[in-house]
Amino acid sequence: MPRQYIHTAIDFPNAAPHMGHVMEKVLADVMARWFRLRGDEVRLHVGADENGIKIQQTAEALGMTPQELVDRNSPLFEQLFRRLNISFDTFIRTSDPKRHWPTVVALWNRLKEGGFLEKRTYAGLYCTGCERFVTEKDLVDGLCPDHRQRPEAVKEENWFFLLSRKQDAMKKLLHPKTGTYKMVPSWRGNEVLSFLEGGLEDVSFSRSKETLSWGVPVPDEPDQVMYVWCDNLTSYLSSLGFFTDHEMREWWDDAEITDVIGKDIARFHAINWPAMLQCAGVKTPERLLIHGFITSDGQKMSKTLGNVVVPSDVLDRYGVDPLRFYLSHEIPVGNDGDFSWKRFGELYDAKLRNQLGNLLNRALVLLKKEGGEMKLGAAAQAFSPDSWGRYVKAMNDFDYSVAIQEAFSVVAASNQGFNDAAVWTIADKATKIETLSAFAEILRHVALMLLPFMPETAQRMSRQLNVPYVDQMLDRSFVLTDEMKDWGSQKEWKRVGEPEILFPPVECK
RNA sequence: CGCGGGGUGGAGCAGCCCGGUAGCUCGCGAGGCUCAUAACCUCGAGGUCGGAGGUUCAAAUCCUCCCCCCGCAACCA
């Protein structure tokens with residue numbers, strides 16, 4: 001049984017979670033759920049990137065300690081992910097000295113022992129107002145735009161990771177044809193590859209404690225704190241207890257590893273991370289799934305524009321599955337996407353209420369009127385067996401929007417078939433029951449297709465249909481068998497349950 | 001010539017890799033049905049597929065050049 005280790009980027013909790021965080025987690029969760037359904041063993045990891053200068057600064061501005069800030073914000077992420085039914089196994093917080101730091105320190109030591117770390121003088125411009133290094137291009141007329149002062153030229157001793165040595169190795173690893181680390185979708189990888197062609201430079205791996213105090217201390221160097229790379233990325237290992245006495249190596253060494261991350265940090269995950277792993281003698285991941293960004297009504301979300309969409313507002317209004325549906329249906333994997341309340345409402349009505357909910361309702365109500373007994377006859381199945389083939393291929397190819405649209409094209413075709421057959425006018429009771437049963441059977445298949453995307457909805461549909469496996473379908477061990485995908489395979493399924501409204505109308509905002 | 005993405009009926013998008021009736025959602029017009037959450041179905045109006053060349057029997061789809069929009073351009077996650 002293949003083993004799958006999926007991890008998302010860990011999130012930066014200097015503010016409350018936004019729609020972009022949600023998109024990434026839903027994407028990873030759809031993948032995790034699909035892998036489980038097809039029979040793989042799955043571990044899904046998420047977390048919070050709590051260290052760094054920005055957290056330090058934000059905390060200061062709010063008059064709290066960094067620890068207080070992350071203790072306040074990180075749970076917001078975790079709670080949101082739970083509410084979204086993200087089936088994660090671990091939530092790592094990088095300020096956790098017990099779960100996270102030992103792995104980080106061990107990795108650091110390995111890199112150092114391998115001769116991949118080197119102490120150098122880092123020269124840069126330091127703005128005392130920002131309390132951080134700034135670059136030339138940040139400056140306006142040579143001054144810090146925020147503090148209107150000239151940054152000082154500062155030199156400090158830092159550790160560097162010798163990434164430049166790994167250029168050829170990374171080219172080989174990421175080679176579109178022969179490399180073992182695949183970037184999905186491939187066009188997202190192009191940017192990374194061309195960047196790689198430009199040549200790699202060594203990366204700064206630590207800061208002086210005066211510059212950065214909130215982070216993982218460098219072993220044996222009291223005045224140095226690790227800079228983001230060694231700390232943040234390593235959470236993917238620390239969640240498995242790597243390099244400790246409770247490490248779960250099988251989830252790395254004997255697993256297919258997928259990173260789910262945004263286009264902005266693709267480069268670091270595609271290059272820096274596998275380079276670090278190679279240098280530490282650890283296997284590199286198999287797949288990098290790169291998603292785009294989400295805009296709000298076509299514009300970049302920004303507090304100044306006041307167009308930030310708060311995920312919990314959507315959840316309060318529409319519930320979990322409609323949001324999961326919207327993101328999966330509207331945004332092809334890798335593409336940028338847009339969130340708009342208008343579009344959300346339209347899609348909710350058109351697809352979820354009018355097409356899906358209505359089909360389920362009209363079929364069940366009529367069947368109930370005939371007594372609720374199921375009987376699948378020789379009546380032509382209105383469900384093309386190719387649908388499963390197309391669906392499975394799309395799911396395996398990470399074309400999730402294509403897959404969910406396949407499910408909805410089955411629904412649309414069924415509504416049409418329902419009218420064409422004028423089911424409600426069929427006089428012969430046996431024929432009527434057989435015809436309606438066929439629609440119930442179609443909906444059983446549709447619910448299974450929707451299961452990775454809208455788990456609760458899939459179960460509610462199946463509950464109304466009263467299919468035999470309804471109570472197991474949200475279990476992690478629930479596997480989609482070939483038998484389940486066969487027409488009329490549920491011999492124990494004798495009668496349907498009570499019809500209910502699947503998606504109620506939601507008032508316009 | 002820095003890199004990548006995009007430019008498709010009123011709006012938002014898919015199709016482009018593997019050329020061959022231009023598809024989806026919403027909106028609009030007409031009709032059908034009345035089982036169903038005033039939902040469902042059918043038909044219709046509306047597009048020189050950014051522009052110009054080229055390849056081809058045939059191009060939204062391949063090639064070349066140009067224009068416009070967005071992101072990135074390295075330590076900022």
Side-chain angles (χ1 to χ4, degrees), chain A residues 9-14 49 51-55 122 124 130 132-135 137-138 158 160-161 163 185-205 207 227-229 231-233 261-268 271-272 292-293 295 297-300 329-332 334-338 340 342-343 345-347 349-370 399 401-402 405 408-409 411-426 432 436 439 499-506:
Chain A
I10 56 175
D11 300 305
F12 203 58
N14 68 338
D49 176 21
N51 298 325
I53 297 163
K54 275 195 182 158
I55 294 285
Y122 179 80
C130 305
R132 68 181 182 99
F133 284 95
V134 294
T135 57
K137 67 177 167 58
D138 292 332
N158 288 151
F160 275 74
F161 172 56
L163 181 63
S186 57
W187 54 267
R188 276 279 178 217
N190 292 344
E191 201 163 337
V192 172
L193 292 172
S194 66
F195 174 78
L196 197 48
E197 286 300 321
L200 296 177
E201 287 178 20
D202 298 333
V203 297
S204 163
F205 243 41
R207 287 291 147 90
Y227 193 54
V228 61
W229 310 121
D231 168 13
N232 167 320
L233 297 166
I261 50 100
K263 63 179 182 179
D264 54 335
I265 52 175
R267 203 159 62 211
F268 308 111
I271 299 171
N272 298 28
F293 282 170
T295 53
D297 281 319
Q299 288 184 304
K300 205 168 171 175
H329 184 274
E330 282 301 280
I331 307 174
N335 287 23
D336 288 340
D338 188 52
S340 96
K342 182 169 177 288
R343 176 75 180 150
E346 284 173 0
L347 217 59
D349 285 340
K351 295 286 180 179
L352 297 181
R353 282 196 331 117
N354 299 348
Q355 284 189 34
L356 179 64
N358 186 42
L359 178 66
L360 179 70
N361 204 235
R362 66 200 301 210
L364 286 185
V365 166
L366 280 184
L367 205 45
K368 268 292 178 190
K369 281 185 187 166
E370 301 302 325
D399 285 333
S401 61
V402 172
Q405 282 169 34
F408 275 85
S409 73
V411 172
S414 300
N415 270 319
Q416 187 182 331
F418 208 95
N419 281 40
D420 290 348
V423 183
W424 57 94
T425 63
I426 297 173
K432 196 170 185 176
L436 286 165
F439 283 101
E500 281 168 21
I501 299 296
L502 200 57
F503 294 101
V506 172

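A, B, ... follow the sequence lines: proteins, then strands. Residue 1 opens every chain.
Taking 4.5 Å as the limit, some side-chain heavy atom of A/Leu356 sits within range of a side-chain heavy atom of A/Phe408. Between A/Phe160 and A/Phe205 there is no side-chain heavy-atom pair separated by less than 4.5 Å. Proximity of A/Arg362 to A/Phe439: side-chain heavy atoms (C-beta onward) are nowhere separated by under 4.5 Å. Side-chain contact check for A/Leu502 versus A/Asn361: every heavy-atom pair is 4.5 Å or farther apart.
Looking at heavy-atom distances under 4.0 Å, A/Asp349 makes no contact with the nucleic acid at all. Among the heavy atoms of the strands lying under 4.0 Å from A/Asn232 are primed sugar atoms or P, OP1, OP2 only; no base atom is included. Using a 4.0 Å heavy-atom cutoff across all strands shown, A/Asp49 reaches sugar-phosphate atoms only and no base atom. As judged by a 4.0 angstrom heavy-atom cut-off over every strand, A/Asp202 is placed among the base-contacting residues. Here A/Asn415 lies in heavy-atom contact (under 4.0 Å) with sugar-phosphate atoms only. Counting any heavy atom pair closer than 4.0 Å across all strands shown, A/Lys342 reaches no nucleic acid atom. Heavy atoms of A/Val365 sit under 4.0 angstrom from primed sugar atoms or phosphate atoms, though from no base atom.
The nucleotide whose nearest atom lies closest to any side-chain atom of A/Asn419 is, among B/G71, B/C41, B/A74, B/C41. Listed nucleotides: B/U37, B/A74, B/C40. Nearest to the side chain of A/Asn361: B/U37. Comparing atom distances between the A/Arg343 side chain and each of B/U37, B/G12, B/A77 picks out B/G12 as nearest. Comparing B/A77, B/C41, B/A36 against the side chain of A/Asp420 picks out B/C41 as the nearest. Set against B/C75, B/U34, B/G71, the side chain of A/Lys263 has B/G71 as its closest nucleotide. When distances are taken from the side chain of A/Arg207 to each of B/C75, B/C41, B/A36, the shortest belongs to B/C75. Set against B/U34, B/C75, B/A74, the side chain of A/Tyr227 has B/C75 as its closest nucleotide. In the set B/A36, B/C72, B/C75, the nucleotide with an atom closest to the side chain of A/Glu201 is B/C75.
Rounded to a whole Å, the CG atom of A/Leu436 is 9 Å from the C1' atom of B/C35. Here the P atom of nucleotide B/U25 and the CD atom of A/Glu346 are 12 Å apart, to the nearest Å. A/Gln355 has its CD atom 19 Å from the P atom of B/A36, to the nearest Å. As rounded to whole Å, 11 Å separates atom P of B/C16 from atom CG of A/Asp399. A/Leu364 has its CG atom 11 Å from the C1' atom of B/A36, to the nearest Å. In this entry the distance linking CZ of A/Arg267 with C1' of B/G2 reads 13 Å, nearest Å. Atom-to-atom, CG of A/Leu502 to C1' of B/A39 comes out at 14 Å; the value is rounded to the nearest Å. Atom pair A/Phe268:CZ and B/C76:P shows a separation of 10 Å (rounding to whole Å applied).
Straight-line distance between the C1' atoms of B/G50 and B/C69: roughly 11 Å, to the nearest whole Å. Rounded to whole Å, the P atom of B/C65 lies 25 Å from the corresponding atom of B/G71. Taking atom P on both B/G5 and B/G23, the two are 27 Å apart, rounded to the nearest angstrom. Comparing the C1' positions of B/A60 and B/G20 gives an interatomic distance of 13 Å, to the nearest angstrom. A distance of about 27 Å separates the P atoms of B/U48 and B/U64, rounded to the whole Å. Comparing the same atom, P, in B/C1 and in B/C67 gives a spacing of 15 Å after rounding to whole Å. Look at the C1' atom in both B/G4 and B/C41: the space between them is 44 Å, to the nearest Å. Comparing B/C3 with B/A73, their P atoms are spaced 16 Å from each other, to the whole Å.
The distance from atom CG of A/Leu436 to atom CG of A/Leu367, rounded to the nearest 0.5 Å, is 5.0 Å.
Of all nucleotides present, none satisfies the Watson-Crick or G-U wobble test against B/A74 with each distance under 3.5 Å. Both distances falling under 3.5 Å, in either a Watson-Crick or a G-U wobble arrangement, occur for no nucleotide opposite B/A14. Base pairing annotation: B/G46 forms no Watson-Crick or G-U wobble pair, as no partner gives both donor-acceptor distances under 3.5 Å. Base pairing analysis places B/G31 opposite B/C41; the two distances defining the Watson-Crick or G-U wobble pair are each below 3.5 Å.
Nearer the 5' end of RNA chain B, as judged by each residue's closest nucleotide, is the contact made by A/Lys351, out of A/Lys351 and A/Val228. A residue-by-residue look at A/Leu347 and A/Glu500 shows that A/Leu347 has its nearest nucleotide of RNA chain B further toward the 5' end.
No option in A/Asn51, A/Val228, A/Asn232, A/Asp49 other than A/Asp49 meets the side chain to side chain contact (heavy atoms under 4.5 Å, CB included) test with A/Phe12.
A distance below 6.0 Å separates the ring centres of A/Trp229 and A/Phe268.
The shortest distance between the side-chain N/O atoms of A/Gln416 and the OP1/OP2 oxygens of B/U42 is below 4.0 Å.
Taking 3.5 Å as the limit, the base of B/C75 and the side chain of A/Trp229 contain a donor-acceptor pair of atoms between them.
Within the cation-pi definition used here (under 6.0 Å to the ring centroid, within 45° of the axis), A/Arg207 qualifies as a partner of A/Tyr227.
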